[in-house]
There are 4 protein chains.
Amino acid sequence: MPQKNIAANKDKTIRRILDGATKVFAEAGYSGASVDEIAKAAKVNKATIYYHVGDKEALYVRVLHEVIGQTAAGIATRMNSSMTPSQKLATYVSGIAETVGNYPPLPPVMMRAVESGGQILSPEVAADLMMIFGILLEILEQGAKEGVFVKANPFIIYLMIIGAVAFHRNVEANWDQKPELAMLFKQMDPEFYTKLEGSLSSSVAAEVTRLLLRALEK
Amino acid sequence: MPQKNIAANKDKTIRRILDGATKVFAEAGYSGASVDEIAKAAKVNKATIYYHVGDKEALYVRVLHEVIGQTAAGIATRMNSSMTPSQKLATYVSGIAETVGNYPPLPPVMMRAVESGGQILSPEVAADLMMIFGILLEILEQGAKEGVFVKANPFIIYLMIIGAVAFHRNVEANWDQKPELAMLFKQMDPEFYTKLEGSLSSSVAAEVTRLLLRALEK
Amino acid sequence: MPQKNIAANKDKTIRRILDGATKVFAEAGYSGASVDEIAKAAKVNKATIYYHVGDKEALYVRVLHEVIGQTAAGIATRMNSSMTPSQKLATYVSGIAETVGNYPPLPPVMMRAVESGGQILSPEVAADLMMIFGILLEILEQGAKEGVFVKANPFIIYLMIIGAVAFHRNVEANWDQKPELAMLFKQMDPEFYTKLEGSLSSSVAAEVTRLLLRALEK
Amino acid sequence: MPQKNIAANKDKTIRRILDGATKVFAEAGYSGASVDEIAKAAKVNKATIYYHVGDKEALYVRVLHEVIGQTAAGIATRMNSSMTPSQKLATYVSGIAETVGNYPPLPPVMMRAVESGGQILSPEVAADLMMIFGILLEILEQGAKEGVFVKANPFIIYLMIIGAVAFHRNVEANWDQKPELAMLFKQMDPEFYTKLEGSLSSSVAAEVTRLLLRALEK
DNA sequence: AATGAATGAGTTTTCATTCAT
DNA sequence: CATGAATGAAAACTCATTCAT
């Protein structure tokens, strides 16, 4: 069955393209990434990208969809309807942290997306984000209805979680790989450096959950 | 005083350049911004930018230093040693929110700053960022020492603040400018849309402060 | 054979580029030549030059290699092992004169090559130049061994040949293209002018050969 | 007398400009040299060059005139009417070599001038060159008239002398200062290298004179 | 399905020159 | 006399995209 092989090859090619693009977009952002670089990272001819995926913007949207969609799916899977709102919140936060841990490109991609003003957003990506937010919304509403949570702006809580988890992971990853910066801080203010390093080593999910529960629980 | 006039003109020119660059970098990010566009925004000949400031990167660093430095200084100024830690935290959050309002790229820059290996960052900018985080550090330490705050990871709190403020500002900006997106949400889930819109319209600084104080205060 | 056609087209394009570049570099020198002009001369899009050859310096090196390499090869080919040293010297000089006629910047390049620290020069070009000097070296050594030539400093003879050919070619070229200069000489010193013009019209190669043979032959 | 001081200052400024320009033109050629670089080398404001000397071309012409004019004057001084043609020729060659030795910029400047096609030549420079050539012309004519020299194309002899002397000096000077190239040759062909180095160390003037007298004397 | 070639329209950067002071 | 500021024009180089094969 040669058709199947061709199809499989095609899929592999697209996979390589998306992986390469994810990597390059994560490192350089949308405008900073060049199609040439992506093609090189994907070990694919530049024209192949246009053939299979489309232009640079289409590629970006597809990468965003994949990255954010995976996160959304991961969280949804973990949630269990028999949990209390507090338990759900803890699951939610650690779910995000875990997905992010398993899928490192998310933070930089999201960061870059924020940086570029979120100008490129497809309906699919919007739906992904809605889904992630929607889960939190339900948790908070349930908590409020049951009288265990105070009322709070869900979107801001959402942003606090995403911000802390995503960027913490990012800083953490880079702290070890780029010693120049750590050195710079060390030289400028050794005491500060020690505190920063201490902050980095702790578990984000646990700390974020703890703080949020303190903030929300009556 | 002819010399003085020349000097004054020079300063005005540099001011125009920095203002134009700040605006354009804010809208488009580093790679998205073009020197041509900056020159146009500054109403200055492109070569004048190179004459007074240097190349694109030097210009970016200078803008960053100015913006982040002013943020740092602004927050420091607002802070009053006679305030309670809680008051200081409120001042801190609203100080950041205000600056971010004036200069949207600040948040991603602040987050990436710690992460990017300082490739584009000058020591001056690093010092500015250290100062901003350092202020929060002191507030939390003071609060802990005085027994009014529980112990908490300062870096995570920092990220929660920056994350919430940064993302919020971004979404807000896109919400108004891209009605398609709002429409899209409305069609997909009208109820969700109403809630989201409600979340967006409230003040981030106030809500973030309220939540953090609930989380931190004993 | 579709692939073959593409390859052939590619070769033709590169040929056009190298020919255009050779022409423009010859007329204007390295810094005087612009890539735009070369693209125009080659009837190729500027970007095509970068695609196929690389940047200006790579293009220059390639042109040099081609021109000097061909000179070296040309001289070597003309040389016949059955010739006497005197015949070989005559062949050598006329071989250089001919190449210089086709590519004026050759002489200064050949002279500077030994001098410039090889900044622009590739190892290939250095090898080419070594070969050209090496041929002369062998001729002189053979002549000395056979007892037909007196001993002489080969490098100085090399410089005399190159110097005479190079300058002559240059003056000649300017003589025809810039009639003002000729007029100027005529006005300043008519007799001198007549002599100079007489000197210019004769064949350099023949005269240089004649003089060198008188100097070298026992 | 303040006027005198001002005038003296002016002269010093012009001197600095010409020295800087000579240096930069010698290193980079006409198109390779930038007015900025010249101003820097001369420790003078760029506009001062335009004020005192004029545009880039005028500056180049002035440098050429100075450099070549000095050489011309140096040779003329050494010549003595009571000498035999052979003695005069020896004096001529060593005079050129000596002047060049005392005034190093000549060879690179002439070389660059050749490279750029001698497109920029003023009447003054032409007169200088005429003067240098004129002296040789007289020597050769006298020799021919007296029956001691064979007839020969004076211009080509002129070029052989200039070529050998000027470029030898140049190669010599750079051989010591740029060891990379010497190393390159050494690696490529050790034997060749030894011969080349031997060639470089001998006296040009003596060898050129010896060869030319062998070529010219009946 | 996949690619090398080619390009138009940009990008960043430099440069010779002028001018007000 | 001397200079810092400013600029139009052009330089080198890049990039997203298309197309023939």
Tell me whether the OP1 or OP2 atom of [N] has a side-chain N or O from [X] closer than 4.0 Å.
| X | N | answer |
| --- | --- | --- |
| Tyr51(C) | dA5(E) | yes |
| His52(D) | dC1(F) | no |
| Thr13(A) | dA2(E) | yes |

Nearest-Å distance, [atom1] ([X]) to [atom2] ([N])?
| X | N | atom1 | atom2 | value |
| --- | --- | --- | --- | --- |
| Lys40(C) | dT7(E) | NZ | C1' | 18 Å |
| Lys10(C) | dT3(E) | NZ | P | 16 Å |
| Ile49(C) | dT14(F) | CD1 | P | 13 Å |
| Ile17(B) | dA6(F) | CD1 | C1' | 10 Å |
| Lys43(A) | dA2(E) | NZ | C1' | 17 Å |
| Asn9(B) | dT7(F) | CG | P | 11 Å |
| Glu57(A) | dC15(F) | CD | C1' | 16 Å |

List, with names and distances, any nitrogen or oxygen atoms from the protein found under 3.5 Å away from nitrogen or oxygen atoms belonging to nucleotides 8-12 of chain E.
{"residue": "dG8(E)", "atom": "OP2", "partner": "Asn45(C)", "partner atom": "ND2", "Å": "2.8"}
{"residue": "dG8(E)", "atom": "N7", "partner": "Asn45(C)", "partner atom": "ND2", "Å": "3.1"}
{"residue": "dT12(E)", "atom": "OP1", "partner": "Ala33(B)", "partner atom": "O", "Å": "3.3"}
{"residue": "dT12(E)", "atom": "OP1", "partner": "Lys56(B)", "partner atom": "NZ", "Å": "2.9"}
{"residue": "dT12(E)", "atom": "OP2", "partner": "Val35(B)", "partner atom": "N", "Å": "2.8"}

## Note on the structure
Residue pair Ile14(C)/Arg16(A) against DNA chain E: nearer the 5' end by closest nucleotide is Arg16(A)
### Query
So what is the 5' to 3' dot-bracket string for DNA chain E, if pairs are Watson-Crick or G-U wobble with both distances under 3.5 Å, crossing pairs use [ ] and | means the partner sits on another strand?
.||||||||||||||||||||
My understanding is that only residues two or more places apart in sequence, or in another chain, count here; which of them pass side-chain hydrogen bond (donor to acceptor under 3.5 Å, both in side chains) with [X]?
| X | answer |
| --- | --- |
| His52(C) | none |
| Glu124(D) | Ser122(D) |
| Asp19(B) | Arg15(B) |

### Query
Which atoms form the tightest heavy-atom contact between Val125(D) and Val61(D), and what is the distance?
CG2-O, 3.8 Å
### Query
Is a side-chain donor or acceptor of Thr48(D) paired with a backbone partner of Val44(D) at a separation under 3.5 angstrom?
no
## Note on the structure
Residues pairing under side chain to side chain donor-acceptor pair (under 3.5 Å) where one sits in residues 36-46 of chain A, two or more places apart or in two chains, turn out to be Asp36(A)-Lys46(A)
### Message
I'd like to check the salt bridge (Lys or Arg N to Asp or Glu O under 4.0 Å) partners of Lys56(B); sequence neighbours left out, ordered by chain and number.
### Response
none
### Query
What is the ring orientation for Tyr60(C) with Phe25(C), classed by angle as parallel under 30°, tilted 30 to 60°, or perpendicular over 60°?
perpendicular
### Task
In plain terms, say whether Lys23(B) and Glu27(B) are close enough for a salt bridge, that is, a side-chain N and a carboxylate O under 4.0 Å apart.
yes
